[in-house]
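Heads up: the structure comes next, in structure tokens.
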Protein chains: 2
Amino acid sequence: MLTDRQRLILSAIINDYIDSNEPVGSRSISKHEKIGLSAATIRNEMSDLEAMGFLEQPHTSAGRIPSQKGYRYFVDHLIERGRLSSHELNVLHSLFSQKIDETEKVMQQVAFMMSHLTNYTTIALGGEIKNTTIKHIQFVPIQDNKAVAIIVTNTGHVENKIVTIPPQLPIGELEKMVNVLNHKLKDTPLTQLKEKLMQEVRMEMAKHVARYEELFIVLQQLFTPDQDHKVYLSGTTNMLDQPEFTKDLTQVKKIMNIFEDNQAVTRLFSSVNHGIQVHIGEENKLTEINNCSLITATYAIDDETMGVIGILGPTRMNYGKVLNLLDYISNDFQKVIKGH
Amino acid sequence: MLTDRQRLILSAIINDYIDSNEPVGSRSISKHEKIGLSAATIRNEMSDLEAMGFLEQPHTSAGRIPSQKGYRYFVDHLIERGRLSSHELNVLHSLFSQKIDETEKVMQQVAFMMSHLTNYTTIALGGEIKNTTIKHIQFVPIQDNKAVAIIVTNTGHVENKIVTIPPQLPIGELEKMVNVLNHKLKDTPLTQLKEKLMQEVRMEMAKHVARYEELFIVLQQLFTPDQDHKVYLSGTTNMLDQPEFTKDLTQVKKIMNIFEDNQAVTRLFSSVNHGIQVHIGEENKLTEINNCSLITATYAIDDETMGVIGILGPTRMNYGKVLNLLDYISNDFQKVIKGH
DNA sequence: TTTAGCACTCGACTTTAATGAGTGCTAACG
DNA sequence: CGTTAGCACTCATTAAAGTCGAGTGCTAAA
């Protein structure tokens, strides 16, 4: 579809634009080492590339900028993956050597480092429920009729929720229920939880526990998935450094408001697939970020998909750099969690 | 120190400036209903007020703006507290009627509403440890040598942390330790925790638990206060609506970066006293917000101080409105937590 | 003590002109 | 036939000059 020369030129234009955020002119391209052509020739090619939809012209007498289609082609075919710089490697290794135990802290740290290495906003989603199993369930009474329900998963995550206990419940019934729960639900994947609860647990409770219907209602409350993903953010203000956003603050506001809204963030990530993915401009779910690109990477521990890291920047973002970093993090993430 | 007339004029100027964000001129003040004076007279008074340090002049031929001292005097002596508007009351009542159980959710909700009612940024700090006591301690093993330590407080808050268990610890020793802990630490205020741990618990463990030194190290890790306050934010982007900040984005960046840094936030709130407090401009701990004002209110449940809500805006913020709202929330906060 | 009048200041805004990077097109060149 | 030099034209950006008006300080009169 494109000649080698056109690919070379397109690539040069996009790379230049990513650096400068200014329409790229024919003359500056013709000066590139690898291209031994005059500005006039470049102009002809540019004109063709524009006709094919890879480039756009902000106004008649300006240079060209990449179109969404241009970026897509660039990401899919032209991008050249480099090595990480020694600085990047140092930062990442310092991260890996930290042996942080709590997943929360790790997430926060990873997000922090990514945003600092890229100068884009990093969004990390934790706690994918796939393959997580229940390790332990417990109720701790805290007031007359309230108790904290605590659920521990095999990943060491602790979920807790305050529940109301039916009044005048005979002492011991709660304990019986907990026994049933632990017996029946231990090692149950969260995905099968609901199902198992409604069937096995219900039956077992009917056998052993007095007033089980009331208690069962409590359980249903407890296990209904109110949990949005936990969102870890870092570098949100990096948005303010991008000249394309600084010009229109209302847009930055809209974008940053997304960060405060867990639901919106979850929606944004709802179509993320396994591995590394690039969502360019209007390919994104939320119109607010239709001139941003979001690069997502799922990460896993012991081959269990755990969550997603996303890097959000302008469509004119440094795809190569971000992809390299995410590749690295994504592959070696378990090392961090497990402490090298 | 100030005549009644001067107070009236100062008040009028500040109120005008809060609305308009523009230097206030003598003519506009002389038009005020309550002031039956000509612009020339106002000018003389303004000149005096400036000499006394309550007003400033951006440049020779401009109106006056309040100085920090002016705001301080305004807040301390001139501010008139009004009633909440019916809209505000509605919003707050809808909040109170929600019966949300989890403190986390409540905090988030309160922050959300405050930021929407004020159009300033709201920062809520949860989990003041004063008067919180320990209700239950437990260890749940999750891998060979790891366990989740869970601490439940009387407020229903659950703290959890992953700890490493000494290798080849005889089964049962962990349990023994937990028994000791629960026995000795139950109902201990968090403030006395460290002390009690080092003395009573240590002794008791020495008696009953094998290899207690190793386990004790684990405990020390567990109870060291790594816990920054949990920070709930809402309306961070409201900063971008304030014209004084829009002009200098680097400043907004600095401010918003604080929000991402738990430590900085905690420092910012470190000097907060009981009740409602106004921190104007340079009175604030962090230089980044030296042209902001922070209004803080401690809130309590059952007379136990729980945490702080802070509203952050430009020094030219609507003190009256915010104070009214915080007063209300602060007094009736328990209702929300307890579900009316 | 208050006020009207007046000259003066100075930021904000508008207008105009100059600049220059970039294009498209045409004609010549190898 | 692809490539390139030349040239007229476009148009955003920047700078300079000029206008406007809100506001002040001071003086003198009520």
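By convention in this document, chain letters (A, B, ...) are assigned in the order of the sequence lines, proteins followed by strands, and residues within each chain are numbered from 1.
- Using modelled atom types, one side-chain atom of A:D261 and one backbone atom of A:Q263 make a donor-acceptor pair closer than 3.5 Å.
- A:R64 and A:E50 are joined by a salt bridge, as a carboxylate oxygen and a charged side-chain nitrogen come within less than 4.0 angstrom of each other.
- Ring planes of A:F54 and A:Y73: perpendicular class, angle over 60° (limits at 30 and 60°).
- Taking atom CD1 of B:I35 as the reference point, atom P of C:dT2 lies 13 Å away to the nearest angstrom.
- Between B:I65 atom CD1 and D:dG23 atom C1' the separation is 14 Å, expressed in whole Å.
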N/O-N/O pairs, protein side and nucleotides 22-25 of chain C side, under 3.5 Å:
residue, atom, partner, partner atom, Å
C:dT23, OP1, A:S26, N, 3.4
C:dT23, OP2, A:S26, N, 3.2
C:dT23, OP2, A:S26, OG, 2.7
C:dG24, OP1, A:R64, NH2, 3.0
C:dG24, N7, A:R43, NE, 3.2
C:dG24, O6, A:R43, NH2, 3.3

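- Remark: C1' of D:dC1 and CG of A:L37 are 15 Å apart, rounded to the nearest angstrom.
- Atom-to-atom, CD of B:E45 to P of D:dG23 comes out at 18 Å; the value is rounded to the nearest Å.
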When you compare the protein's N or O atoms with those of nucleotides 27-30 of chain C, which come within less than 3.5 Å of each other, and at what distance?
none

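- Summarising the geometry, the separation between CG on B:N21 and P on C:dA12 is reported as 12 Å, rounded to the nearest angstrom.
- As rounded to whole Å, 5 Å separates atom P of C:dG11 from atom NE2 of B:H59.
- The closest donor-acceptor contact from the side chain of A:R316 to the backbone of A:I18 lies under 3.5 Å.
- Of the possible donor and acceptor atoms, one in the side chain of A:N324 sits under 3.5 Å from a partner among the backbone N and O of A:G82.
- The CG-P distance, from A:D16 to C:dA21, rounds to 16 Å in whole Å.
- Between the CD atom in B:E282 and the OG1 atom in B:T315 there is a gap of 10.0 Å [rounded to 0.5 Å].
- Taking every heavy atom of both residues into account, B:L55 and B:P66 meet most closely at CD2-CA, 3.9 Å.
- A:N273 is linked by a side chain to side chain donor-acceptor pair (under 3.5 Å) to nothing, counting only residues two or more places apart in sequence or in another chain.
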